[in-house]
Amino acid sequence: MNKLNVLLVAVVMVFTTGFANAQKLASVDINSIFTSMPEMKALDQQLQTLQTSKTAELEKQGKSLQDLMKKYQDEAPKQTQAINEQRSQEVQKLQDNLQQLYSAAQKDLAEKRDAGLAPIEKKINDAITKVSKAAGYEFVFDASSPALVYKAGTDATPAVKKELGLK
């Protein structure tokens, strides 16, 4: 029985080694490609501009709310209980609105980023596919991924950058 196990392991190793050697593998540093693309640089600039404008708008609203709260706090001792409660509800409503504006700004930024990344990712994937088919690669791994532990195969990053017209 022991000899049969050893023989079985040896056969599996031979087939596995032969299968692995028949594969053509390559890696691509996708992060490097992304940072090299002018489309990505333009998208980053657009997102930065949008974030700056949203931040300025939120700061303006926040300053206005703080000023109103200070005014109401200063006047509170001179007002009736009913007016103070009404003002408290008004402030709470304004705080809720400000929080909604903040959430909407975050969502808007995420949607713009996702919409801008989609064509860039497609362009990179198309270039990887074209380079892989031309070079006969069966598998291409992302070298910037933490899942890749060992990289000794062909690096297809320069070929993909060339396909995209990047340096």
Side-chain angles (χ1 to χ4, degrees), residues 25-133 137-167:
L25 307 175
S27 64
V28 174
D29 186 354
I30 293 180
N31 285 342
S32 169
I33 294 171
F34 262 116
T35 57
S36 299
M37 294 189 71
E39 294 95 331
M40 191 64 194
K41 292 174 184 174
L43 177 62
D44 284 341
Q45 183 61 42
Q46 290 172 358
L47 291 173
Q48 184 63 38
T49 302
L50 181 61
Q51 183 174 6
T52 301
S53 70
K54 296 283 185 185
T55 300
E57 180 183 333
L58 287 169
E59 286 175 354
K60 180 181 172 187
Q61 293 282 338
K63 174 80 170 100
S64 154
L65 178 59
Q66 285 178 344
D67 292 345
L68 184 64
M69 287 172 57
K70 178 154 179 31
K71 176 184 172 195
Y72 285 175
Q73 285 175 349
D74 291 344
E75 295 176 354
K78 301 173 190 171
Q79 299 297 325
T80 65
Q81 180 69 20
I83 291 177
N84 284 335
E85 286 178 13
Q86 180 185 5
R87 286 180 170 186
S88 177
Q89 290 174 354
E90 180 184 346
V91 166
Q92 183 61 45
K93 185 177 178 182
L94 291 172
Q95 287 174 331
D96 291 345
N97 288 343
L98 186 61
Q99 182 60 38
Q100 288 175 354
L101 282 174
Y102 176 77
S103 296
Q106 293 295 91
K107 183 180 177 189
D108 191 28
L109 278 169
E111 288 174 352
K112 297 278 187 207
R113 179 168 175 76
D114 291 346
L117 280 177
I120 297 171
E121 288 173 342
K122 182 179 179 344
K123 188 174 182 180
I124 290 173
N125 286 334
D126 290 347
I128 290 171
T129 300
K130 187 173 180 179
V131 166
S132 298
K133 286 181 180 179
Y137 301 134
E138 294 179 23
F139 298 97
V140 177
F141 297 96
D142 180 5
S144 58
S145 169
L148 184 65
V149 179
Y150 179 73
K151 180 185 147 224
T154 305
D155 183 6
T157 304
V160 172
K161 283 185 174 182
K162 182 179 177 185
E163 178 64 31
L164 291 168
L166 303 172
K167 293 181 182 178

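Just so it is clear, the values below take in all heavy atoms, side chains as well, and ignore hydrogens, waters and symmetry mates. The shown structure was predicted, so the numbers you read here are calculated from the model rather than taken from an experiment.
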Looking at [X], I'd like to know if its [atom1] atom is crowded, meaning that more than 12 non-hydrogen atoms belonging to other residues, nucleotides or ligands lie closer than 6.0 Å.
X      : atom1 : value
Arg87  : CZ    : yes
Lys54  : NZ    : yes
Tyr102 : OH    : no

Could you measure the distance from the [atom1] atom of [X] to the [atom2] atom of [Y]? Nearest 0.5 Å is fine.
X      : Y      : atom1 : atom2 : value
Arg113 : Leu117 : CZ    : CG    : 4.5 Å
Gln66  : Leu68  : CD    : CG    : 11.0 Å
Thr157 : Leu166 : OG1   : CG    : 11.5 Å
Asp142 : Ile128 : CG    : CD1   : 7.5 Å

(message) Could you tell me if the side chain of Leu65 sits less than 4.5 Å from the side chain of Gln95, heavy atoms only?
(response)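 Side-chain contact under 4.5 Å: yes.
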(message) For a 4.5 angstrom cut-off between non-hydrogen side-chain atoms, does Met40 reach Asp44?
(response)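 A side-chain contact under 4.5 Å exists here.
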(request) Using the salt bridge (Lys or Arg N to Asp or Glu O under 4.0 Å) rule, take Asp74 and Lys70 through it: C-alpha gap first, then chi angles, then the decisive distance, then the call. (result) CA-CA 6 Å; Asp74 291 344; Lys70 178 154 179 31; 3.4 Å; yes
(message) Taking Lys130 first and then Asp126, would you say they form a salt bridge - that is, a charged N and a carboxylate O separated by under 4.0 Å?
(response)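 No, no charged N to carboxylate O under 4.0 Å.
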(request) Indicate whether any N or O donor in one side chain lies under 3.5 Å from an N or O acceptor in the other, for Glu90 and Gln86. (result)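 Judged by distance alone, the side chains do not pair up.
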(message) Can you confirm whether the side chains of Asp96 and Gln92 place a donor and an acceptor under 3.5 Å from each other?
(response)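 Side chains of Asp96 and Gln92: pair found under 3.5 Å.
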